[in-house]
Amino acid sequence: MMNLTRPSLSIILFLFFILPINSTSALTKYNVLNFGAKPNGKTDTTKAFLMAWKAACASADSTIIYVPKGRYLLGSMAFQGGCKSPQIIFRIDGTLVAPQDYRVLGKSTDWLSFEGVNGVSILGGALDAKGPSLWACKASHSNCPSGATTLSFTNSKNIRIRSLLSLNSQMFHVVINGCENVDVQGVRIIAAGNSPNTDGIHVQLSKNVNIIKCSIKTGDDCISIGPGTKNLWIEQVTCGPGHGISIGSLAKDLKEEGVQNVTVRNTIFLGTQNGLRIKSWARPSTGFVQGVRFTDSLMRNVQNPIVIDQNYCPHNLNCPNQVSGIKIKDIIYEGIRGTSSTQVAIKFDCSPKNPCTGIKLQNVNLSYLNKPAQSFCSNVRGKALNFVRPESCL
């Protein structure tokens, strides 16, 4: 049974977010300028930010780290947990800027990482990772570093991200990994449509995550959902350019945790490669996807509006050519409407060993160039209810 009730938000945290900084008198405040940060975009202020974090972390009070207007040049930073402070709020009125030389960040896994923290909130600000030079390197097939994720939270709890702009990430923009109780609202993500591996928000091994009122323009999945994701709520998200909202890719490993209880509602896809996608490699796995509800989505010129692909193999390179062990069941598509840029608007290409079951289409209306579109079904069991166009193959 799916739980479709969105997790409630903390009233106290909400008040912190709507009050001006000088009104949060109950908080102990740390201004990064007082630790030597220079808002000129040229002086490396990494040490100052880490010193501000160390001070806030060591405080027994709830704290706020304030970043005034300006541009702050920062290298790779890891904000470690184990803090005495029960709550640390980063209030950013400026822009955090990565080094111009992509190799400085490119050799790191993350630019800004939070590890093992509890009660951390990020409010406002912009993160400019200077990704285009690395993308150009990769496009030229040179010997390039992989690149850094802009913002990551690992093994953390009670995280809030509000009104943040992530610009031109080298790799993923935001990663939520091994976390619990995460609320992301009003985030804007911007990267070129051809930027490689720049997923907007990636969630894995995490539970109780909300992603609400976000705008994502990027070169890969707008939101990617990895193994071990449970109780994920996505609402009022606009995606495009990008590769859509994807569960997977799965079956990367033989022993893999499942994805369950995911709700995606009131979303818009503009010229994306995919809309609502579930994808797995064709290889053995203990993983599964179950209890997913996609509802009220608008597609505008989307290549694959609805797709389950259990033979996922991008560019047909090094394909495993086996059979996917991922079990997919209880997936609902309701109120999906708009236009497909290809004739096959609904594609269910499931595993012959583990057919998709419990797939339901309800009130779906997708067209192709003002003409009827088509559906494709392989190894799938389910039903269509009420009006469904293109004609269902279930």
Side-chain angles (χ1 to χ4, degrees), residues 41 67 69-74 76 90 92-102 104-106 108 110-113 122-139 146-153 160-176 182-203 210-225 234-246 264 266-275 298-303:
V67 182
K69 291 181 179 179
R71 295 175 67 81
Y72 300 84
L73 177 62
L74 296 170
S76 178
F90 263 95
I92 306 172
D93 287 341
T95 299
L96 311 188
V97 183
Q100 194 69 44
D101 184 348
Y102 64 82
V104 176
L105 275 192
S108 302
D110 304 295
W111 180 21
L112 310 172
S113 66
I122 297 178
L123 172 62
L127 310 177
D128 184 357
K130 303 286 186 183
S133 57
L134 177 59
W135 309 338
C137 176
K138 291 181 177 181
S146 297
T149 289
T150 290
L151 175 65
S152 72
F153 283 88
R160 305 287 181 265
I161 305 173
R162 295 283 197 285
S163 304
L164 178 71
L165 168 63
S166 177
L167 181 66
N168 292 332
S169 184
Q170 288 190 343
M171 285 276 285
F172 291 14
H173 288 262
V174 179
V175 169
I176 308 298
V182 179
D183 194 77
V184 180
Q185 288 203 42
V187 167
R188 290 185 299 142
I189 290 172
I190 300 174
N194 62 351
S195 55
N197 302 117
T198 53
D199 292 40
I201 302 174
H202 178 73
V203 182
N210 296 338
I211 301 172
I212 300 169
K213 294 182 179 178
C214 295
S215 170
I216 304 173
K217 303 175 180 180
T218 194
D220 211 297
D221 292 331
C222 290
I223 300 175
S224 53
I225 303 161
I234 299 169
E235 182 175 5
Q236 294 183 27
V237 169
T238 299
C239 169
H243 293 182
I245 295 177
S246 294
V264 180
N266 195 11
T267 49
I268 299 173
F269 298 87
L270 303 172
T272 52
Q273 184 185 94
N274 306 284
L298 176 64
M299 310 284 173
R300 284 285 177 257
N301 200 37
V302 174
Q303 290 182 35

Which atoms form the tightest heavy-atom contact between [X] and [Y], and what is the distance?
X    : Y    : answer
S195 : A191 : OG-CB, 3.6 Å
G275 : F269 : O-CE2, 3.3 Å
G94  : Y72  : CA-CE1, 4.5 Å
A98  : A129 : CB-O, 3.6 Å
G193 : P241 : CA-CG, 3.9 Å
D128 : W111 : O-CH2, 3.5 Å

With [X], which residues qualify under side chain to side chain donor-acceptor pair (under 3.5 Å), at least two apart?
X    : value
S169 : T150
S113 : E115
D220 : none

Quick one: pull up [atom1] in [X] and [atom2] in [Y] and give me the separation to the nearest 0.5 Å.
X    : Y    : atom1 : atom2 : value
L123 : Q185 : CG    : CD    : 11.5 Å
L151 : L112 : CG    : CG    : 6.0 Å
I234 : I201 : CD1   : CD1   : 8.0 Å
E235 : N266 : CD    : CG    : 6.0 Å
F172 : D199 : CZ    : CG    : 3.5 Å
N197 : D221 : CG    : CG    : 10.0 Å

V182/V203 under side chain to side chain contact (heavy atoms under 4.5 Å, CB included): CA gap, chis, key distance, verdict
CA-CA 10 Å; V182 179; V203 182; over 6 Å; no
Trace of the side chain to side chain contact (heavy atoms under 4.5 Å, CB included) decision for R162 with D183
CA-CA 8 Å; R162 295 283 197 285; D183 194 77; 2.9 Å; yes
Flag the pair [X] / [Y] as yes when at least one side-chain heavy-atom distance between them is below 4.5 Å, and no otherwise.
X    : Y    : answer
V67  : L96  : yes
L164 : F90  : no
K130 : V97  : yes
L105 : L134 : no

For the backbone of A148 and the side chain of Q170, can you confirm whether one donor and one acceptor N or O come within less than 3.5 Å of each other?
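Side chain of Q170 to backbone of A148: a pair is present.
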Give a yes or no on whether the backbone of T218 and the side-chain of T198 come within a donor-acceptor separation of less than 3.5 Å.
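Not a single qualifying donor-acceptor pair exists.
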Counting only heavy atoms not in K217, do more than 12 sit closer than 6.0 Å to its NZ atom?
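Check fails, neighbour count at 12 or below.
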Step through the shown structure and confirm whether more than 12 heavy atoms of other residues, nucleotides or ligands are within 6.0 Å of NZ on K138.
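Above 12, so yes.
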What's the verdict on side chain to side chain contact (heavy atoms under 4.5 Å, CB included) for D110 and V175, showing C-alpha distance, side-chain angles and the deciding distance?
CA-CA 10 Å; D110 304 295; V175 169; 5.8 Å; no
Do F153 and I122 pass the side chain to side chain contact (heavy atoms under 4.5 Å, CB included) test, and can you show the C-alpha distance, the side-chain angles, and the key distance before you say yes or no?
CA-CA 11 Å; F153 283 88; I122 297 178; 3.8 Å; yes
Sequence-distant partners of R188, salt bridge (charged side-chain N to carboxylate O under 4.0 Å, His left out), two or more places apart
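Result, salt bridge (charged side-chain N to carboxylate O under 4.0 Å, His left out) vs R188: none returned.
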The criterion is ring pair (Phe, Tyr, Trp, His ring centres under 6.0 Å); which residues satisfy it with H243, sequence neighbours excluded?
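H243 satisfies ring pair (Phe, Tyr, Trp, His ring centres under 6.0 Å) with no other residue.
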Under the rule for disulfide bond (SG atoms under 2.5 Å apart), what residues qualify as partners of C214, not counting sequence neighbours?
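Not a single residue meets the disulfide bond (SG atoms under 2.5 Å apart) criterion with C214.
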